[in-house]
Each structure stands twice: as C-alpha cells, then as structure tokens.
Amino acid sequence: MKALFLAGGYGTRLRPFTFSKPKPLIDFANEPIILHQIKALHAVGVRTIVLAVNYQPSEMRKFAQEVKKELDIEIIFSFETEPLGTGGPLKLAEEHLKGDEPFFVLNSDVICDFPFAEMLEFHKKNKSEGTILATKVENPSRYGVIVHQENGKIERFVEKPQEFVGDRINAGIYILNPSVLDIIPLKWTSLEREIFPKLAKEEKIYCYHLNGFWMDVGKPGDFILGSTLYLKFISSQIKESKKVKIHGGVLIQGEDIQGTVLVPKQGREAVKIGENCRIGPNVIIGKNVRIGNGCRLKNCTIMDNVVIGQSSYIDNSIIGWGSHIGSWTRIQSHCFLGEDVTVRDECNVNGLTVCPHKGVNQNILETTIIL
Ligand code: GDD
Ligand code: MG
C-alpha cells in the first residue's frame with residue numbers, strides 16, 4: 001500500500017523549533033514526528049511513501065535516505081514550487097497514487113496509537129470513497145468538525161467552525177480511494193474546506209473513531225501536552241503487560257526518577273544525569289544530554305546535546321538542540337528555547353520563547369519572545 005504525507009507548509013506555529021528543521025522532522029519523544037507515523041504504516045504493509053513537500057527538501061532528502069536504510073520502503077518526493085494546500089498535493093502526486101488500492105493520507109504533525117489496520121478494515125467494509133480518523137476534543141473550533149450518523153457516515157464536515165457544531169473532529173489521517181483524485185483540481189485546494197464537504201454531501205465518506213490518546217503537536221504547548229499523553233500511554237500499556245513499541249527510546253527507573261522518563265535507546269548511559277537530581281514525571285531526554293547535580297526536571301522535552309548546569313529547575317518547557325542552560329536557573333510555564341540558546345546562571349524565566357543562537361542574560365517573568 002501507499003501513503004502520502006502532507007509535509008509542506010512552513011510550520012510557523014511550531015517556531016522556534018521550525019527555524020532549525022521542517023516541522024515533520026522535529027523530534028517528538030526522540031524521533032522525528034513523521035518517523036513515528038512511517039513505522040506504524042510500515043507495520044501494516046505500506047511500502048511506498050510520497051512526501052508532499054515545499055520547504056527545505058534537502059533536510060527531508062537526508063532523512064529519507066536514513067529511513068530507506070532502516071526500513072524496506074520506497075520514498076518518493078513530490079515537490080511543490082508553490083504551496084498547494086492540503087488537497088492540491090494529492091493531485092500533483094496522482095501518478096504515484098493511482099491504481100486499484102486505496103491509499104493513506106497523513107497530516108505530518110499528529111501523534112496517536114495509529115490504528116491503521118482497524119481503519120483499513122472499516123474502510124473496506126463500508127465500500128466508501130474515504131475514511132477519516134476521528135477523535136473527540138474539548139476545543140473543537142481549532143479543528144475540522146465531523147457530524148456523522150451512528151454507522152460513521154459523515155453528514156457534515158466543517159473546518160474550524162466559528163459556532164459549536166460538535167466535538168468529534170478530524171484527526172488528520174485518511175484513507176482515500178484513487179477516485180477521489182478525480183475531484184481535486186491541480187491548484188491550491190483545501191481537502192477540509194472543499195473536498196470533504198463535497199464527499200459528505202454525496203454520502204461517500206465515513207469516519208472511524210479513534211480510541212485512546214491523540215494530539216496535533218504542531219504548536220509548542222500542544223507538543224508538551226502530546227508528549228505527556230504519549231508517555232502516559234506507553235506506561236499504561238507496560239503496566240497492563242501489553243505489547244508496545246517505543247521507537248525513540250526507553251523508559252528508565254531509579255531513585256532519582258519520578259513517573260515516566262524517556263531516554264535514548266541506549267539507556268541511561270546515553271545521557272548524563274548528575275547526583276541528587278529529581279527527574280520526572282513526563283520528561284523526554286535526548287541523546288548526549290548532560291544534566292548537572294541537583295536539577296529538578298518535569299513535564300519537559302530536552303532535545304539532543306543540551307547541557308544543563310547544576311541546581312536548575314525546568315518545568316513545562318522545551319529546550320532545543322545543543323542549548324546551554326546555566327546553573328541555578330528556573331525555566332518554567334511554557335518556555336520554548338530554540339536550537340543553541342544560552343541561558344546565563346541564575347536566570348529565572350517564565351513563558352519565554354527564544355529564537356536559535358540567542359542568549360538570555362536576565363530574569364524574564366512575562367511572556368516574551370527573544371528574536
Ligand atoms: N504539501 C503541503 N503543501 N502540505 C501542507 C500545505 C501545503 O501547502 N499546507 C499545509 N500542509 C500540511 C501541514 O504540514 C500539515 O501536515 C497538514 O498539511 C495540515 O496542516 P496544518 O497547518 O497542521 O492544519 P491544522 O492543524 O490547522 O488543521 C488540520 O489538522 C487538524 C488535525 O490536527 C486540518 O486537517 C483539520 O481538519 C484537522 O482537525
Ligand atoms: Mg496541524
């Protein structure tokens with residue numbers, strides 16, 4: 001089977017991290033977001049992947065070569081010279097998607113326990129043109145809302161509704177028949193605003209409900225929330241002795257560890273955690289990270305090659321690749337530090353976003369962006 005990834009757009013909402021890498025390649029739980037998706041697709045027999053891109057393709061090419069080495073999978077690039085939205089890229093890649101079989105389409109910023117096999121079975125049983133993965137959320141106005149019958153047949157699809165329509169939303173993963181390509185023009189087109197409403201009107205599209213966690217990690221705050229949900233999911237699976245593949249690392253335990261803490265595959269040896277630290281819950285630590293003595297970390301992602309001095313406190317924040325955090329610092333309440341950021345000793349910061357290669361030299365207690 002085949003899958004197309006909508007991997008274009010500029011990922012502006014995931015800045016400052018998307019200043020360094022395209023959104024699909026940002027490390028989520030120590031592995032590029034789309035690698036989680038690719039591995040799950042591979043497990044259900046997908047062997048051809050089309051990456052629909054329009055931004056930093058050289059980074060993506062390097063990534064594709066690494067994936068090809070690791071998995072037996074063909075990766076085709078479909079490059080847009082100008083953004084084609086969420087629908088146009090499918091038409092552009094028509095020659096790769098045409099055939100007798102349905103194909104998967106994925107937004108490249110969604111994380112869940114991908115139920116691809118069950119979804120495919122559901123799609124085949126309904127003999128519909130398309131199946132949308134659906135989930136329930138508390139704030140539906142940020143998403144595409146689905147109104148459906150009990151059997152899953154979609155009656156209405158409303159993208160980012162201004163008024164309450166329902167709380168069942170599009171989780172950003174689809175199975176479509178090649179015939180859907182016939183109604184998509186080769187120009188900027190929105191699947192959500194043009195194609196899905198049309199298919200719903202013609203009663204040709206269904207939704208399959210996702211049980212379990214889901215998150216669009218395309219914004220830093222949601223990225224933190226998604227990481228927590230992911231770690232909770234893994235630890236609950238382990239507790240119930242269910243099989244779970246953690247691609248990007250292993251959970252560790254110890255006197256200094258509280259709740260779920262994920263480190264690289266090589267285990268505790270791949271990182272350095274000083275004495276008298278307390279780490280967790282919900283912490284993800286990347287490769288080659290060095291944490292000084294007496295640090296307190298919770299609800300955060302520390303990306304590869306970060307160095308943290310002693311006695312620092314980090315909560316509810318993301319620390320980008322290769323950043324240097326001084327000693328006795330306090331970093332909390334949604335701080336998003338881009339790649340190679342330096343925070344001076346004793347700085348106390350709240351709600352701070354810092355662009356790559358910048359420094360923080362003073363206390364900053366109100367939501368601020370350092371450009
Ligand atoms: N190739 C290509 N070209 N990809 C694009 C383009 C483009 O011009 N524009 C956006 N994309 C990709 C993004 O990279 C992302 O993977 C996907 O299309 C969806 O775009 P987002 O910008 O992340 O949309 P959203 O999060 O506001 O809403 C979408 O996702 C929600 C679920 O997370 C919609 O599909 C909603 O209906 C849905 O509920
Ligand atoms: Mg998104």
Side-chain angles (χ1 to χ4, degrees), residues 3-15 17-18 21-26 28 32-34 36-38 49-57 59-60 76-94 96-97 104-112 114 130 132-148 154 156-161 165-174 176 184-197 199-200 205 207 209-210 213-223 225-226 229:
L4 177 136
F5 281 76
L6 289 163
Y10 295 98
T12 47
R13 288 177 293 179
L14 197 53
R15 283 177 184 165
F17 306 105
T18 43
K21 289 183 186 196
K23 179 166 75 169
L25 300 188
I26 303 291
F28 177 86
I33 302 171
I34 58 165
H36 290 265
Q37 301 171 322
I38 291 176
I49 298 242
V50 181
L51 291 179
V53 294
N54 55 19
Y55 171 61
Q56 292 187 347
E59 285 260 351
M60 296 292 277
I76 299 165
F77 279 88
S78 177
F79 184 70
E80 297 150 54
T81 47
E82 58 184 271
L84 292 178
T86 50
L90 274 67
K91 189 68 175 179
L92 187 69
E94 187 168 22
H96 306 299
L97 301 172
F104 286 96
V105 176
L106 284 91
N107 286 355
S108 55
D109 57 3
V110 292
I111 287 289
C112 61
F114 306 101
I132 298 178
L133 187 66
T135 187
K136 218 172 166 174
V137 293
E138 280 171 14
N139 46 356
S141 62
R142 294 165 51 190
Y143 304 102
V145 174
I146 293 168
V147 179
H148 63 90
I154 299 179
R156 277 177 78 198
F157 188 103
V158 190
E159 182 67 10
K160 315 252 160 55
V165 181
D167 58 3
R168 194 60 58 97
I169 62 128
N170 166 21
I173 296 179
Y174 325 118
L176 301 177
I184 304 178
L186 184 56
K187 61 173 189 172
W188 195 98
T189 306
S190 164
L191 275 182
E192 298 87 346
R193 293 181 194 275
E194 299 166 65
I195 307 302
F196 293 158
L199 289 171
I205 193 159
C207 64
H209 191 69
L210 168 72
F213 86 103
W214 174 88
M215 189 50 82
D216 176 333
V217 295
K219 289 185 190 171
D222 293 342
F223 187 97
L225 204 54
L229 294 175

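In listed order, ligands and their atoms are each counted from 1.
Of all the atoms in ligand 1, the ones that sit under 4.0 Å from a non-hydrogen atom of Ala52 are 1 (N). Of all the atoms in ligand 1, the ones that sit under 4.0 Å from a non-hydrogen atom of Leu6 are 4 (N), 12 (C), 13 (C), 14 (O), 15 (C), 16 (O), 18 (O). Under a 4.0 Å criterion applied to the non-hydrogen atoms of Val110, ligand 1 contributes the atoms 33 (O). Heavy-atom contacts of Tyr174 reach the following atoms of ligand 1: 35 (O) (cutoff under 4.0 Å). Numbered from 1 in the order shown, with element, the atoms of ligand 1 that lie under 4.0 Å from a heavy atom of Asn54 read 3 (N), 7 (C), 8 (O). Those atoms of ligand 1 that come under 4.0 Å of a heavy atom in Pro83, given as number and element, are 8 (O).
The main-chain N or O of Asn107 is found under 3.5 Å from a side-chain atom of Gln37 such that the two form a donor-acceptor pair. With hydrogens and angles ignored, the 3.5 Å screen pairs a side-chain donor or acceptor of Ser108 with a backbone N or O of Leu6. A donor-acceptor pair is defined here as one N or O able to donate and one able to accept, closer than 3.5 Å; no such pair exists between the side chain of His148 and the backbone of Cys207. Judged purely by atom type and a 3.5 angstrom limit, Asn170 has no side-chain atom pairing as donor or acceptor with the backbone of Ala134.
Which of Lys160, Glu159, Arg142, Arg193 comes nearest to atom 27 (O) of ligand 1 through a heavy atom is settled by distance: it is Lys160.
Residue Thr86 has no nitrogen or oxygen atom sitting less than 3.5 Å from a nitrogen or oxygen atom of ligand 1, judged on distance alone. Below 3.5 Å of separation, one finds an N or O of Glu192 facing an N or O of ligand 1. For Pro89, no nitrogen or oxygen atom sits less than 3.5 Å from a nitrogen or oxygen atom of ligand 1, counting backbone and side chain alike. Checking only distances, Glu80 does come within under 3.5 Å of ligand 1, N or O to N or O. Where the criterion is an N or O separation shorter than 3.5 Å, residue side chain and backbone included, Gly8 meets it with respect to ligand 1. At least one N or O atom of Asn170, backbone or side chain, sits closer than 3.5 Å to an N or O atom of ligand 1. Residue-to-ligand polar distances place Gly85 within reach of ligand 1: an N/O pair is separated by less than 3.5 Å.
Asp216 contributes atom OD2 as its closest N/O/S atom to the Mg ion (ligand 2). The atom name of the N/O/S atom in Asp109 closest to the Mg ion (ligand 2) is OD2.
Not close to ligand 1: Phe196, with no non-hydrogen atom less than 4.0 angstrom away. Ligand 1 is approached by Trp214 to a heavy-atom distance shorter than 4.0 Å. Under a 4.0 angstrom heavy-atom cut-off, Arg13 registers as being in contact with ligand 1.
Annotation: Lys160, atom NZ; neighbour count of heavy atoms from other residues, nucleotides and ligands within 6.0 Å is above 12.
The shortest distance between side-chain heavy atoms of Leu90 and Leu176 falls below 4.5 Å. Counting only heavy atoms from C-beta outward, the side chains of Glu82 and Trp188 never approach each other to under 4.5 Å. Side-chain contact between Ile33 and Pro24: absent, with no pair of heavy atoms (C-beta onward) separated by less than 4.5 Å. Taking 4.5 Å as the limit, some side-chain heavy atom of Leu186 sits within range of a side-chain heavy atom of Leu92.
Tyr174 pairs with exactly one of Phe196, Phe104, Phe5 by the ring pair (Phe, Tyr, Trp, His ring centres under 6.0 Å) rule, that one being Phe196.
Protein heavy atoms are absent from the space less than 4.0 angstrom from atom 20 (O) of ligand 1.
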Check against side-chain contact (heavy atoms from CB on, under 4.5 Å), Phe213 and Thr135:
CA-CA 9 Å; Phe213 86 103; Thr135 187; over 6 Å; no

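The pair Arg142-Asp222 meets the salt-bridge criterion, since a charged nitrogen lies less than 4.0 angstrom from a carboxylate oxygen.
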